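Here's the structure, in structure tokens; my notes come after.
Just so it is clear: chains get the letters A, B, ... in the order the sequence lines come, proteins before strands, and each one is counted from 1. Hydrogens, waters and symmetry mates play no part in the numbers below; they use all other heavy atoms, side chains included. What you see is a predicted model; the values in this text were computed from it and never measured.
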There are 2 protein chains.
Amino acid sequence: MTNKISIKDIAKIANVSIATVSNVINGTGRVSAETAAKVKKVIQELQFVPSASARSLKDKNSHLIAIVVPFIEKGILQDNPFYWELVRGVESGARNHEVQVILLGISEAEDFSFVKGRHLDGLIVVGVYQHSEAFRKIKSIGIPCVFLDSYLSDSSLYQVELDDEAGGYLATKHLIGLGHRDIAVLTGKMEQSGVISCRYQGYLRALREAGISESPDYILQADSSVHGGYQAAQKLGSLADRISAIFALSDVSAMGLIRGLHDLGLRVPEDISVVGFDDIFYTKYMIPSLTTIQQDIVNKGQEAVKMLLDQINGTQSPLKKAVLPVSLVVRQSTSAPKKI
Amino acid sequence: MTNKISIKDIAKIANVSIATVSNVINGTGRVSAETAAKVKKVIQELQFVPSASARSLKDKNSHLIAIVVPFIEKGILQDNPFYWELVRGVESGARNHEVQVILLGISEAEDFSFVKGRHLDGLIVVGVYQHSEAFRKIKSIGIPCVFLDSYLSDSSLYQVELDDEAGGYLATKHLIGLGHRDIAVLTGKMEQSGVISCRYQGYLRALREAGISESPDYILQADSSVHGGYQAAQKLGSLADRISAIFALSDVSAMGLIRGLHDLGLRVPEDISVVGFDDIFYTKYMIPSLTTIQQDIVNKGQEAVKMLLDQINGTQSPLKKAVLPVSLVVRQSTSAPKKI
DNA sequence: CTGAAAGCGCTTACAG
DNA sequence: CTGAAAGCGCTTACAG
């Protein structure tokens, strides 16, 4: 019913060989303008679209890439809207190059066999860890990859990341500049993620620079999620009296944190200042609006596609690593600490 | 480098024909346990994965579906996290059936040629309108489709939607029950979307039931986005004094609206109550937390995949339309109106 | 139970 | 400039 027509039908109707039809479609070989026009007309009339599977069977490339995103838990992708912005960027980048994007959530058990089976042209991999099983498997597939936010030490890998350290530094310096000295940091699982630990390093650098010594008990650890942020507030306990600011290493956790503080009767920023990280879509409209480190997530996705396609097409530039900039956006969730 | 090995190599090593290898892989035909074991062993050792393109070339099905989402504007998908939740649902539903999901953003200019080219097994289409060009084109492709939130009148189409009317009714009734009588409604573009207009119908029904007559000037129209909601508040003008509650037909617009009201010096819920719709991930943590109409978005995506796969595999049940339930979640953004 | 062969729809040398 | 033919990696009748 759908795609019954093939290159053969076109050839028959246009009175040429299938080779010629193929040449016309691909602009390859030498075809007279006249023949080309004739063939194109027939293609147009029959609304013929070449079979991607037949092509891919010959070419060995599929014009298909996948964006690989880690699962938060059994079979369900993270609910952080950050991923959606990234995916939007990838989609828009790919569509300009006639490449389609498969969305793939993975667990550690993923075997990636379908990547081979489908002859995927390449992979955009979000947030894998150096020592993870997933990373090992992905590398062993041997197809073009771009790693996002992954901080892999192997410099032969293509990577797109953010200047997370600078972001951590800027956020902390902002708080210090306002007069804060007792600044807690709300992190995700540190060991697992280069992103988190780089932001944390930036935090430490700002502290050092200001001559403030770090306190291990100022580290709050929780899931990078709204709920995680909320729980962190609940577990604050007596720490609440000793700190005047919290740097949350992601906006989603800052969002939950602020609500948690609110439920504790603590006002932001009057009692405690909060800085986030990412500048996701809603931060500007929160009450109070969130001071945060801004990154262009959509652009990050687009950049990753570009790098991947350059790699696939062999038009790659020598640089294998793109580090995207961050900036501080000051809003209402931060202010000078109360005088005590 | 990657997938050089084929069924032929397996056949050679296992000392059988390629037909036998194929039969072993697919569990078709009759193969002795012994041969099967031998072949399986070789497949295992060589980590052989059959070529999806070769299969699809024969079968005419690709085990590939697409989720089709409208663009908000030139080449960029909507930033509403609602879509992310939907996509997550679709991904998880598909992965259980060894089907991969392509993400496709479309504009009215989309020609869907790649759907034919790739032999997609089916499409999950989100939010198209009865009279749109996109809908016409999609129908003409002639492949299995499930339409989400589309309110298409053609009853031969498979559709998954929400009981939007009931949601609108519940939300409004809740406000009326609190004592509100002057209830504005914040809508998206009415004519374009069945979803919006059904929610609005529910609003009207609740008003009628309570003997409250509708006022045309209580309709606030804005983009279904955070920014749209914010703008709506800015344009409120003198209306602010005449109403005591606003029913926003989406959470994102409610989120912007509340911020907008805040900037106007209006408190929620003390001065104006606000109800949202969708119950997206953050509503519970907002300050004030948002009273809203809850739907299970992830489940909606899963439901759509299930219906699509049933249709593709011919195991479809007679019902072509699934209407998912809604419920009211009362939180802090609504209260009784002030006595005047 | 097993294999030889045709064919899915393309592309790509290779002749002419 | 154009066409005949091989081959990509599978599946599927059809023999045996």
Query raised in the report: Can you name the side-chain contact (heavy atoms from CB on, under 4.5 Å) partners of B:N96, sequence neighbours left out?
Result: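 Scan of B:N96 (side-chain contact (heavy atoms from CB on, under 4.5 Å), adjacent residues dropped) gives none.
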Categorize [X] for me: base, sugar-phosphate, or nothing, with a 4.0 angstrom heavy-atom threshold over every strand shown.
X	value
A:T35	sugar-phosphate
A:I25	nothing
B:S22	base

Taking atom [atom2] of [N] as reference, at what distance in whole Å does atom [atom1] of [X] sit?
X	N	atom1	atom2	result
A:R30	C:dT12	CZ	C1'	16 Å
A:D9	C:dC8	CG	C1'	13 Å
B:R55	D:dC8	CZ	C1'	16 Å
B:I18	D:dT11	CD1	C1'	9 Å
A:K8	C:dT11	NZ	C1'	14 Å
B:R118	C:dC10	CZ	C1'	14 Å
A:H119	D:dG9	NE2	C1'	8 Å
B:I7	D:dC8	CD1	P	13 Å

Distance check: side-chain N/O of [X] vs OP1/OP2 of [N], anything under 4.0 Å?
X	N	answer
A:S51	C:dC10	no
A:K60	C:dT11	no
A:S32	D:dC1	no
A:K58	D:dG9	no

Under 3.5 Å, N/O pairs linking protein and nucleotides 13-16 of chain C:
none

Query raised in the report: Which of these nucleotides, C:dG9, C:dT2, D:dC10, is closest to any side-chain atom of A:L57?
Result: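 Nearest nucleotide to the side chain: C:dG9.
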Requested in this report: Output the single nucleotide from C:dA4, D:dG3, C:dG9 whose closest atom is nearest the side chain of B:S17.
Outcome: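 Looking only at heavy atoms from C-beta outward on B:S17, the closest nucleotide is C:dA4.
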Query - Pair pattern of DNA chain D in dot-bracket, where unpaired bases get dots and | marks partners in another strand, Watson-Crick or G-U under 3.5 angstrom - result: |||.||||||||.|||
Query raised in the report: On DNA chain C, nearest-nucleotide positions of B:N15 versus B:A54: which is more 5'?
Result: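 It is B:N15 whose nearest nucleotide is closer to the 5' end.
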Query - Listed once per pair and sorted, the salt bridge (Lys or Arg N to Asp or Glu O under 4.0 Å) pairs that draw on residues 13-37 of chain A, sequence neighbours left out - result: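 Matches after skipping sequence neighbours: none remain.
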Report task. List in chain and number order the residues that pass side chain to side chain donor-acceptor pair (under 3.5 Å) with A:D59, two or more places apart in sequence or in another chain; answer none if no residue qualifies. Result ->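 Counting only residues at least two positions away or on another chain, A:D59 forms no side chain to side chain donor-acceptor pair (under 3.5 Å).
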Requested in this report: Please test B:S17 against B:T20 for side-chain hydrogen bond (donor to acceptor under 3.5 Å, both in side chains), starting from the C-alpha separation and ending with a verdict.
Outcome: CA-CA 5 Å; B:S17 73; B:T20 298; 3.2 Å; yes
Report all side-chain donor-acceptor pairs from residues 61-71 of chain A shorter than 3.5 Å, counting only partners two or more places apart or in another chain.
unit_1, atom_1, unit_2, atom_2, d
A:S62, OG, A:L64, N, 3.3
A:S62, OG, A:H119, O, 2.7
A:S62, OG, A:D121, OD1, 3.4

Requested in this report: Mind telling me whether A:W84 and B:W84 have parallel, tilted or perpendicular rings, with 30° and 60° as the class edges?
Outcome: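 Rings of B:W84 and A:W84: tilted, as their planes differ by 30° to 60°.
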Query raised in the report: Any side-chain heavy-atom pair from A:I138 and A:F147 closer than 4.5 angstrom?
Result: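 Side-chain contact under 4.5 Å: yes.
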Query - Verdict with reasoning, A:Q130 to A:Y151, per side chain to side chain contact (heavy atoms under 4.5 Å, CB included) - result: CA-CA 8 Å; A:Q130 183 85 35; A:Y151 286 96; over 6 Å; no
Query raised in the report: Checking A:Q159 side chain against A:K320 main chain: does a donor-acceptor pair fall under 3.5 Å?
Result: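 No, A:Q159 side chain to A:K320 backbone: no donor-acceptor pair under 3.5 Å.
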Query - Side-chain (B:S150) to main-chain (B:V128) donor-acceptor, under 3.5 angstrom - result: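 Answer holds: yes.
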